[in-house]
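The structure appears right after this line, and notes come after that.
Order of appearance sets the numbers: ligands from 1, and atoms from 1 within every ligand. Counting begins at 1 with the first residue of the sequence.
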Amino acid sequence: MNTTTRTRSTEEWQRADAAHFLHPFTDFQSLARKGSRIITRADGIYLHDSERHKILDAMSGLWCVNVGYGRHELVDAATRQLQELPFYNAFFQTATPPAIELAELLAEVTPPQFKHVFFSGSGSEGNDTVVRMVRRYWDLLGQPQRDVIISRKNAYHGSTMAGASLGGMGGMHAQGGLPIPGIVHMEQPYWHALGRSMSRDEFGRVAAGWLEAKILEVGADKVAAFIGEPVQGAGGVIVPPETYWPEIQRICDKYGVLLVSDEVICGFGRTGQWFGCERFGTRPDLMTFAKGVTSGYIPLGGVMVGDRVANVLIERGGEFNHGYTYSGHPVACAVALANIRLIQRERLVERVRDDTGPYLAERFEALKDHPLVGEVQTCGLMGAVLLVKDKDSGEPFPEALELGMVCRGHCFGNGLVMRAVGDRMIIAPPLVMTRAQLDEMMALIRRALDLTLADAQRNGWL
Ligand SMILES: *Cc1c(COP(=O)(O)O)cnc(C)c1O
């Protein structure tokens, strides 16, 4: 702990926070009234706050601290690089060893069509790069009119102008005149909300068919690309039916539409494969990454560029007028190298695939006996529990009750970070979790569900 942490009280931190710090995705006024929770340190899978609470972080920070907190390998890599060369850019026909080595390692751990990478500072920036690069690609092929990108409702692709436009969050589009031109949306593959009259597999094919309908509506000669998260993360850990992605791939192939996999959450082991596209059997042309690439220790993002696009960008020549000061930041790249090597050394992807992923699935399945639980889904080490009013009909609670927020409050109150997306309670715990730690997490989840149920009964919400 540093000096200031010891000398300021929680109230003092909260006062200064409310006076000066505008938080992302936050109602400033209501937070100022309540006061922030001040997180002061972390170790392994636990956070510690200024009130000396210990909290199990089942969200890996914000889907990113996959190797857990306090890993000295990552700290050492950053320290060494900061001393040797804290920064140099890649604009001036220059490069730094960590950026080159990371590009090489990424080509090794990603599917075989990826041999090139374009670095950014975040996932949002990566998706901005995707929009620029997709349009540049079709331009170079003499089809500049082919500039429409199809995305999905309730997708999350970041918060920059292009990222928020690609995303399908109505609340984000409502602020700032989004989406920008040339981005259209189709329905998401959310079986519980949209397809319960069909089997999951049947619904998967129907939902993928919405892509073909949208391509024909826009005009096949105008559609540049389709973008999607293998599993929708911020939208509520919505795991699509197994039939969905193969059919999306087939439709993209049929119309020559580029397939972009936003792997910002699913990448680097989250699903039990290195990348979500491998879990669901697609061959994307572009792949956005961020978050887990450095386990969040330092910001880094980028786009893996498949041969189909890279060959055109490289061979047709001409300058791509796009890039960021921090494209290939040497310290971020050094941390990413240490992080990926740690994932390899500890066989974390295999562990999620063969051991902890299936175990989490089993433990989540067992939650179905709870009176509030309407659906559970997991994929690797992420999962969702849907709270419903009526288990049999699937009838939801009235939105105004904000039952998810009630449950989230009980989680926090009992030392667990679990997020609420509407009434979907979601987790994405660190990939280093052991079975014993998963048991500990499950006990906390069940406790929060029981307390939420007691609230619902007491208030006559059921
Ligand atoms: C978090 C996220 C982003 C945005 O990444 P930032 O680093 O916050 O800009 C993009 N896509 C997906 C799928 C994400 O989960």
Close aromatic pair by centroid cut-off 6.0 Å: Phe28 and His23: no

Per-atom contacts of ligand 1 with Ile265, taking only distances under 4.0 Å to non-hydrogen atoms: 15 (O)

Close N or O approach (Asp262, ligand 1; < 3.5 Å): yes

Over all atoms of both residues, closest heavy-atom pair of Trp210 and Gln188: CZ3-O, 3.6 Å

Residue and atom name of the nearest protein heavy atom (relative to atom 7 (O) of ligand 1), distance in Å to one decimal: Gly123 N, 3.0 Å

Part of Glu229 within contact of ligand 1 (heavy atoms, under 4.0 Å): side chain

Close N or O approach (Ser124, ligand 1; < 3.5 Å): yes

Under-4.0 Å heavy-atom contact with ligand 1, by part of Lys291 that carries it: side chain

Test item: side-chain donor near acceptor, Arg270 and Ser60, under 3.5 Å: yes

Single hit among Arg196, Arg424, His192 for side-chain hydrogen bond (donor to acceptor under 3.5 Å, both in side chains) with Glu375: Arg424

Location of contacts on Tyr156 toward ligand 1, heavy atoms closer than 4.0 Å: both

Near-ring test Phe275/Phe268, centroid separation under 6.0 angstrom: yes

